[in-house]
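Nothing fancy with the numbering, it's 1 onward along the sequence. Computed from a prediction, not measured in an experiment: that's the story for all the values here. Numbering of ligands and ligand atoms starts at 1, following listing order. Side-chain atoms are counted along with the backbone in the values below, which use heavy atoms only and exclude waters and symmetry mates.
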Amino acid sequence: MKTAFVYTDAYLNYDYGPTHPLRIIRLKLTYDLIRAYGLLALPSVESIPTNEATQKDLAAFHGEEYLNLLRQANGGRLTGSAYCLGLGPGDNPVFPGLYDFSLLVTGATLQAVDFVADGKGEIAFNIAGGLHHAMKSRASGFCYVNDPVIGIMRLLSRGKRVAYIDIDAHHGDGVQKAFFETSQVLTISLHESGNTLFPGTGFEYEIGEGEGEGYAVNLPFPPDTGDDVYVWAFEEVVPELIHAFQPDVVVTQLGVDTFYDDPLTNLKLSIFGYERVLKRIRDLAPRWVALGGGGYNISNVARAWTLAWAVMNGIELREDLPESFWKEAEKMGVKDRQLRGKPSTFPSVQNDENRVEMERVVHYVKETVFPKVKH
Ligand SMILES: [Zn+2]
C-alpha cells in the first residue's frame, strides 16, 4: 500500500493575525511530530511538496467576482465590496498573501486527489486542507476557498464516485450546499448542533433536495457529547451508508475541534474516540483523500493528526512523544509529552440525555435517508 503526505513550510509565510484562533503554526507542529516519529521515512510513504493551484482550479467552484476580490485582498488591504463577501476584521481577516495561501492549500488538496485518482496509492493526506465553510461567492468561518469542494469536483470530473465524511465540530455547510441537489456525492457531517455552534446549520432534516434527496446526511450532537455516544452514532449510520453508496473514493475532513479542551466548541470527545472513528474510516474507504480542518488547541492538532497519519499507514506509535519534538514544541506552549494521554485524565461525561437525543436523530436518519441511498 502506498500513501502520500502533502506539505510545505511555505504555509508559515501566512498569518491570520495575532488574536485569531486559527494558528498556522499547528501545521508545522504536526509535520514536525510526524517526522520525529519517523512516519515520513517509511518505504510506502511519498512526501509531496505542495504546489499552488491555479485560478482556473478555483474557478471550478468559486465565482469570478469573488476570486477577483480575493486576489485584490492578497495585498493585505480591504477593498470595495469585501465586507459584503464575508471578508473583514473578525473570522475572515484580510491578511497579506491570503490569496496565495488559498492557492497553496487548494493545490495540496488537488495533489492528494490526483495521487489517489491516478492510482499511485490508496491514501493521501493534506493537513492544511478541509476549509469546509467557504461558499461559492463568500468567505466564512476562517475559510476563503473551499478546497474539499474543488477536490471532490476534480474527482467527479475523473469519473469517480465520492463520499464525503466530515468529523469537524462545525457543520460542513459549504460542502453540503455545493452537492445538495446531486446524488453523485454523498455528504455526511457529524458535528455539534447548530443550536449551540456556528454555522447554525446541519440539522438531521437537511437531507438534500431533488435528485440529491437522501444524499446529504447530518448527525448534530448536543453539547457535552463524549466518545461513547459519538462513536455509537457513527457506527449506526456511516458504515451502512458507505456500503449502500459504494464510493470509489472517500474524502474526509478531519477537524480536531471536537475535543473536550478545544477552546471554541462544546463537545467532549477525546483522542481515543477520534482514533476509533479514524480506524473505522480506514476500513470503510476503498481509497481515501484525507484533509485537515479545525482545531484550536495546537497540541491536540499535532498529536491527533500524527495519530491519524499513523492509522493511515497501519503503524502503532509509542506513547511517549519523541524528545526532539517536545523540546521544540514546549517553546510554543505544548505541555503534553504523551501521544494520547491517560483516559482517566479526561472529564467523565454523563451522557444519558445526549444518548436519548442521538437515538432520536439516528432513528430519523435511518427512516428518511437509508431507503434513498443507492449505488
Ligand atoms: Zn471546526
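- Annotation: cation-pi pair Arg161/Phe245 present, NZ/CZ under 6.0 Å from the ring centroid and within 45° of its normal.
- Ion pair Asp320/Arg337 not flagged as a salt bridge, since none of the NZ, NE, NH1 or NH2 atoms sits closer than 4.0 Å to an Asp/Glu carboxylate oxygen.
- The hydrophobic cluster containing Tyr205, built from Ile/Leu/Val/Met/Phe/Trp/Tyr side-chain heavy atoms closer than 4.5 Å, also comprises Phe203, Tyr364.
- Within the protein, the number of N/O/S atoms found under 2.8 Å from the Zn ion (ligand 1) is 3.
- Paired with Tyr7 under the rule ring-ring contact (aromatic ring centres under 6.0 Å, His included), one option of Tyr31, Phe125, Trp309 passes, and it is Tyr31.
- For the residue pair Glu192/Thr196, the side-chain donor-acceptor check at 3.5 Å is satisfied.
- Aromatic ring orientation, Tyr16 versus Phe95: tilted (interplanar angle from 30° to 60°).
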